[in-house]
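Read the numbers this way: they start at 1 and go in the same order the structure lists the ligands and their atoms. Predicted model, so just to flag it, every value in this text is computed and none were measured.
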Amino acid sequence: LVVATGAIPSRPPIDGLDRYGPADGVHLLHTMGDTHAIMASITERPVGSAVIVGAGYIGLEMAEALTARDIAVTQVEQLPEVLPTVDPELGLLVAEQLRTHGVDVRTSTRIASIERKDGRLVVHGAHTQTNEAFVRTTDLVLVVTGVKPDTALAAATGIPLTSRGAIQVDHYMRTGLPDVYAAGDCVLTHHRLLGETYLPLGTTAHKQGRVAGENAIGGQRRFAGSLGTQAVKVFDLVAARTGIRDHEAAPAGYARTGQLLGVQMVGAIATAVHKRIDTAATAIFRELTIDEVSDLDLSYTPPLGSPWDVLQAAAQLWARKVSPQTVPSSS
Ligand SMILES: Cc1cc2nc3c(=O)[nH]c(=O)nc-3n(C[C@H](O)[C@H](O)[C@H](O)COP(=O)(O)OP(=O)(O)OC[C@H]3O[C@@H](n4cnc5c(N)ncnc54)[C@H](O)[C@@H]3O)c2cc1C
């Protein structure tokens with residue numbers, strides 16, 4: 001048996017979220033059914049504006065999608081910057097991109113309630129630091145604030161879960177019950193640098209599913225582990241990351257060894273950020289040092305880059321900052 005029940009969208013404690021639904025213009029976005037419901041909402045009645053609660057990658061993609069349909073979007077995020085999976089300095093670039101395309105970005109703002117008034121929706125919240133009130137009257141509210149593992153079936157069956165509610169699996173995707181495997185958004189993620197964590201991504205789900213399926217019929221394949229590699233397109237910009245960030249490195253026991261542990265990038269679509277991050281992911285997967293990144297034989301042609309790829313230039317810049325006397329400067 002392979003359990004692959006996926007995840008369910010988290011429902012933040014917003015008053016009204018349980019009372020209103022797609023017929024009122026209040027939506028979650030997780031399934032194809034949710035997509036069809038949103039399409040129905042924006043095509044079957046006039047929708048001039050929308051509030052998106054959450055500025056993770058799905059919220060950002062939806063800001064672009066609704067803007068493309070001439071809907072005025074307000075994007076609300078309770079954390080200090082959008083796209084909290086990258087450092088705030090990079091999140092700021094993404095926020096600027098949203099604003100350039102007319103999105104009203106409200107960070108450090110937490111939504112507390114939604115109510116229906118005179119046929120429209122009124123969203124109430126407050127700034128998390130100043131407590132200044134946030135009120136917006138709108139036609140559509142989209143709540144996209146992450147997911148949690150869907151493990152009700154597994155729990156009822158007695159399959160052991162982690163403290164965060166994901167199915168406990170080993171690297172062979174075996175659960176704690178004999179002959180029962182599990183994969184995807186319902187299981188914990190074995191991370192190559194962090195150990196056990198929860199990182200629901202389609203790329204990871206595909207790999208875990210392949211391992212679980214093969215082993216369920218007698219194979220011995222091992223899930224190599226995730227690096228949380230991900231990319232998101234926001235209008236003309238792409239943001240991507242792989243590996244871990246500064247604040248994760250020290251608690252995970254990493255000192256300054258020179259090993260490449262994480263890379264984050266933001267760039268225009270034409271700069272192929274999503275593929276450059278894959279070079280970084282490959283380097284981290286093979287435990288290269290930052291110095292060794294400069295040795296990689298990466299391609300070069302003047303219209304598309306320079307002899308040192310931007311990843312190598314960044315590696316050299318980093319190395320110069322850490323040990324200025326040992327690293328030659330790059331052009
Ligand atoms: C809008 C959106 C955009 C995304 N974009 C990206 C992206 O760009 N890149 C990326 O890597 N990931 C992305 N993801 C995440 C990706 O979709 C998931 O990580 C992936 O689908 C997980 O696969 P899964 O098979 O574990 O779960 P799912 O695809 O969720 O499938 C689980 C299925 O099990 C069914 N199920 C649950 N319980 C039962 C039961 N008791 N009986 C029968 N069936 C049951 C569910 O209905 C569901 O259809 C995105 C997700 C969303 C919602």
Identity and separation of the nearest protein heavy atom to atom 32 (C) of ligand 1:
A4 O, 3.4 Å
Closest heavy-atom pair, Y172 versus Y181, reported as atoms and distance to 0.1 Å, is O-CD2, 3.7 Å
Report the nearest protein non-hydrogen atom to atom 23 (O) of ligand 1: residue, atom name, distance rounded to 0.1 Å.
A205 CB, 3.6 Å
Report the nearest protein non-hydrogen atom to atom 10 (C) of ligand 1: residue, atom name, distance rounded to 0.1 Å.
G202 N, 3.3 Å
Atom OG1 of T203 and atom CG of L201: how far apart are they, to the nearest 0.5 Å?
4.5 Å
Got a protein heavy atom sitting under 4.0 Å from atom 12 (N) of ligand 1?
yes
Is there a protein heavy atom less than 4.0 Å away from atom 49 (O) of ligand 1?
no
Within the protein, is there a heavy atom lying under 4.0 Å from atom 42 (N) of ligand 1?
no
Under the side chain to side chain contact (heavy atoms under 4.5 Å, CB included) criterion, do Q168 and E196 qualify, and how do the steps go?
CA-CA 9 Å; Q168 184 84 44; E196 293 183 359; 3.3 Å; yes
Quick check for you: to the nearest 0.5 Å, what is the distance between Q75 atom CD and L98 atom CG?
5.5 Å
What is the nearest protein non-hydrogen atom to atom 2 (C) of ligand 1, stated with its residue, atom name and distance?
I58 CD1, 3.4 Å
Below 4.0 angstrom from a heavy atom of H30, which ligand 1 atoms are there? Numbered from 1 as shown, please.
53 (C)
Shortest protein heavy-atom distance from atom 30 (O) of ligand 1, along with the residue and atom involved:
G6 CA, 3.9 Å
Check whether more than 12 heavy atoms from other residues, nucleotides or ligands sit under 6.0 Å from atom CZ of R210, and answer yes or no.
no
How about atom 21 (O) of ligand 1: does it have a protein heavy atom within less than 4.0 Å?
no
Above 12 or not: heavy atoms from other molecules or residues under 6.0 Å from NZ of K148?
no
Hey, is ligand 1 close enough to L153 that some N/O pair sits below 3.5 Å?
no
From V147, V3, T151, T5 - option closest to atom 36 (N) of ligand 1 by heavy atom
T5
Quick one: which of H274, R276, K275 gives a side chain to side chain donor-acceptor pair (under 3.5 Å) with D278?
K275
I'd like to check which ligand 1 atoms, numbered from 1 as shown, lie under 4.0 Å from a non-hydrogen atom of D150.
37 (C), 38 (N)
Do D18 and R11 meet the salt-bridge criterion of a basic N to acidic O distance under 4.0 Å?
yes
protein heavy-atom neighbour closest to atom 18 (C) of ligand 1 works out as D185 OD2, 3.3 Å
For V53 and T145, the nearest pair of non-hydrogen atoms, with its separation, is O-CG2, 3.6 Å
Is it the case that more than 12 heavy atoms not belonging to E115 sit under 6.0 Å from its CD atom?
yes
Considering distance alone, does some N or O of Y57 sit under 3.5 Å from an N or O of ligand 1?
yes
Per-atom contacts, ligand 1 versus G184 - under 4.0 Å to a heavy atom:
26 (O)
